[in-house]
Amino acid sequence: MQFTKRNYLFARGWKSAAPIILLLPGFILYLVIAVGPSMATAVYSFTDATGIRGIAINWVGFENYDEFLFRGAASRDNIAALTRTLYFCFFVTTIQFVLGLLLAVLLNSKLKGTTFFRTLFFMPVILGVAIQGLIWKLFLLPRGGPAAELFSLFGTTSEFLGGQPKQAFAWVIVVQIWSNVGITMVIFLAGMQTIPDYLYEAAKIDGANGWQLFRNVTWPLLTPAANTNFLLNIIGSLQAWQLFLVLIGYRPGTQVLGYLVFAEGFGQTSGSVMTAFRQGYAAAASIALFMLVLLIALSANFIVSRREKKYML
């Protein structure tokens with residue numbers, strides 16, 4: 001039996017291990033800060049851990065999952081929160097995707113001022129979630145806030161974030177879209193910059209109008225950017241919870257699944273009222289959220305992969 005001697009890019013023999021040695025620190029760091037905590041969360045979900053030093057941790061099996069999904073009024077609230085998470089994901093993903101595409105098309109034109117507006121629409125992305133939430137919370141103050149003053153000009157009032165749960169929930173959707181539509185726009189713009197000009201010129205020679213150019217040239221060649229935005233919007237909206245914390249806090253009828261994980265893990269149940277920490281129960285809720293994100297993301301990835309094969313291969 002003859003063995004073929006391989007030529008490595010870096011060296012031969014033991015020196016060929018250089019790529020592995022270079023990648024090892026990053027791989028170890030990934031295990032420590034990503035894989036390790038994820039595995040610990042899965043283990044903690046089968047315990048009654050509280051996160052408080054000195055309190056014993058007991059193995060409870062699937063009791064946390066049973067309580068979260070099937071037991072009593074709390075499980076009904078959790079299922080309702082899961083449903084609201086899906087509603088939130090649907091509206092944020094749909095509106096942010098369409099609005100980001102529309103802005104990208106408008107700002108891809110060779111008109112004056114497009115650089116200024118690109119910066120303006122992207123600016124919210126660089127702000128932290130706490131800053132984004134505080135800006136809108138001050139803007140939507142029911143007494144003395146700019147939005148309230150604007151509504152008063154038309155002889156009407158609104159409680160905005162402090163009103164009915166559906167109204168407050170809708171405003172969080174608005175803020176979520178405002179804070180992230182800039183990155184959707186930029187990804188679409190980057191995709192449009194890769195489309196060769198000669199394709200548009202050839203289509204115009206054939207008599208294509210503006211809509212036909214978009215439908216038959218721009219949109220098919222934007223497939224990678226569209227797929228990226230679609231997946232990012234879905235995953236980001238399913239995991240969103242910080243804006244709920246900053247804008248409306250823990251209120252019945254407004255919680256999403258991500259916020260329930262935080263509230264149960266750190267003891268917040270209503271406003272400033274604090275209860276015993278239930279980090280084992282919160283870990284079970286986070287695993288439920290992970291499975292939801294995984295299922296929807298895999299389904300979405302299957303759909304966009306078929307579309308990419310259709311247009312790009």
Side-chain angles (χ1 to χ4, degrees), residues 85-127 132 136 150 170-240 243 292-313:
T85 303
L86 294 177
Y87 280 134
F88 186 80
C89 174
F90 173 78
F91 286 110
V92 169
T93 299
T94 304
I95 299 173
Q96 184 174 313
F97 186 93
V98 173
L99 187 58
L101 178 60
L102 178 61
L103 291 174
V105 171
L106 293 174
L107 297 178
N108 193 49
S109 59
K110 299 179 181 179
L111 299 175
K112 293 183 178 180
T114 54
T115 303
F116 168 77
F117 284 104
R118 289 181 187 182
T119 305
L120 182 66
F121 290 128
F122 186 77
M123 191 176 297
V125 177
I126 65 176
L127 301 175
Q132 296 166 352
W136 278 88
L150 180 63
W171 276 111
V172 179
I173 291 176
V174 170
V175 178
Q176 175 76 10
I177 294 170
W178 170 83
S179 61
N180 292 286
V181 72
I183 191 64
T184 303
M185 175 196 71
V186 167
I187 292 173
F188 275 129
L189 278 171
M192 291 177 183
Q193 300 299 321
T194 64
I195 302 176
D197 290 335
Y198 66 81
L199 294 178
Y200 290 108
E201 294 170 0
K204 288 177 181 178
I205 292 174
D206 291 336
N209 57 31
W211 168 248
Q212 291 171 331
L213 287 173
F214 176 80
R215 179 181 178 182
N216 299 309
V217 179
T218 304
W219 181 240
L221 294 179
L222 270 182
T223 295
N227 293 350
T228 300
N229 273 327
F230 185 58
L231 292 174
L232 289 179
N233 290 354
I234 287 176
I235 295 173
S237 57
L238 286 174
Q239 295 180 324
L243 279 176
L292 176 67
V293 173
L294 181 64
L295 177 63
I296 295 179
L298 288 177
S299 301
N301 187 60
F302 174 75
I303 295 172
V304 299
S305 296
R306 291 184 60 184
R307 184 176 183 275
E308 190 164 348
K309 289 178 181 178
K310 176 181 177 181
Y311 286 115
M312 304 306 295
L313 295 182

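Numbers here are sequence positions counted from 1.
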Distance (rounded to the nearest 0.5 Å) between [X] [atom1] and [Y] [atom2]:
X	Y	atom1	atom2	answer
Thr218	Ile195	OG1	CD1	5.0 Å
Gln96	Ile173	CD	CD1	11.5 Å
Ser305	Leu231	OG	CG	8.0 Å
Thr115	Leu107	OG1	CG	9.0 Å
Ile234	Leu238	CD1	CG	7.5 Å

Residues in side-chain contact (heavy atoms from CB on, under 4.5 Å) contact with [X], at least two apart in sequence or another chain:
X	answer
Val186	Phe122
Leu232	Ile187, Thr228
Ile303	none
Ser109	Leu111, Thr114

Contact summary for [X] and [Y], nearest pair of heavy atoms:
X	Y	result
Ala225	Gly191	CB-CA, 4.3 Å
Lys204	Leu213	CE-CD1, 3.7 Å
Met192	Val105	CE-CG2, 3.4 Å
Gly100	Thr184	CA-CG2, 4.0 Å
Ala104	Leu189	O-CD2, 3.4 Å
Asn227	Val304	ND2-O, 3.1 Å

Without placing hydrogens or testing angles, list every side-chain donor-acceptor pair under 3.5 Å for residues 205-212, not counting sequence neighbours.
{"unit_1": "Asn209", "atom_1": "OD1", "unit_2": "Trp211", "atom_2": "N", "d": "3.3"}
{"unit_1": "Asn209", "atom_1": "OD1", "unit_2": "Gln212", "atom_2": "N", "d": "2.8"}
{"unit_1": "Gln212", "atom_1": "OE1", "unit_2": "Asn209", "atom_2": "N", "d": "2.9"}

Residues in side chain to side chain donor-acceptor pair (under 3.5 Å) with Asn108, at least two apart?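 If we apply the side chain to side chain donor-acceptor pair (under 3.5 Å) test to Asn108, skipping adjacent residues, the hits are Gln193.
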
Going by the rule side chain to side chain donor-acceptor pair (under 3.5 Å), which residues pair with Gln176 if we only count those two or more places apart in sequence or in a different chain?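 For Gln176, no residue satisfies side chain to side chain donor-acceptor pair (under 3.5 Å) once neighbours in sequence are set aside.
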
Would you check, one step at a time, whether the test side-chain contact (heavy atoms from CB on, under 4.5 Å) holds for Phe88 with Val172? CA-CA 9 Å; Phe88 186 80; Val172 179; 4.0 Å; yes

Does any non-hydrogen side-chain atom of Asn229 lie less than 4.5 Å from one of Leu101?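 When only atoms from C-beta onward are counted, Asn229 and Leu101 do not touch, as no gap falls below 4.5 Å.
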
Is Pro224 close to Thr194 at the side-chain level, that is, under 4.5 Å between some pair of heavy atoms?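 Side-chain contact under 4.5 Å: no.
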
Would Val92 and Asn180 count as a side-chain contact (heavy atoms from CB on, under 4.5 Å) if you check the C-alpha gap in whole Å, the side-chain angles of each, and the deciding distance to 0.1 Å? CA-CA 10 Å; Val92 169; Asn180 292 286; over 6 Å; no

Check: [Y] main-chain N/O paired with [X] side-chain donor or acceptor under 3.5 Å:
X	Y	value
Thr93	Phe90	no
Gln132	Leu243	no
Thr223	Pro220	yes

For residues 172-205, pull every pair meeting ring pair (Phe, Tyr, Trp, His ring centres under 6.0 Å), keeping only residues two or more places apart or in separate chains.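 Qualifying pairs: Phe97-Phe188, Trp136-Trp178.
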
Full working for side-chain contact (heavy atoms from CB on, under 4.5 Å) between Ile177 and Phe91: CA-CA 9 Å; Ile177 294 170; Phe91 286 110; over 6 Å; no

Can you check side-chain contact (heavy atoms from CB on, under 4.5 Å) on Phe121 and Leu99, steps first, answer last? CA-CA 11 Å; Phe121 290 128; Leu99 187 58; over 6 Å; no

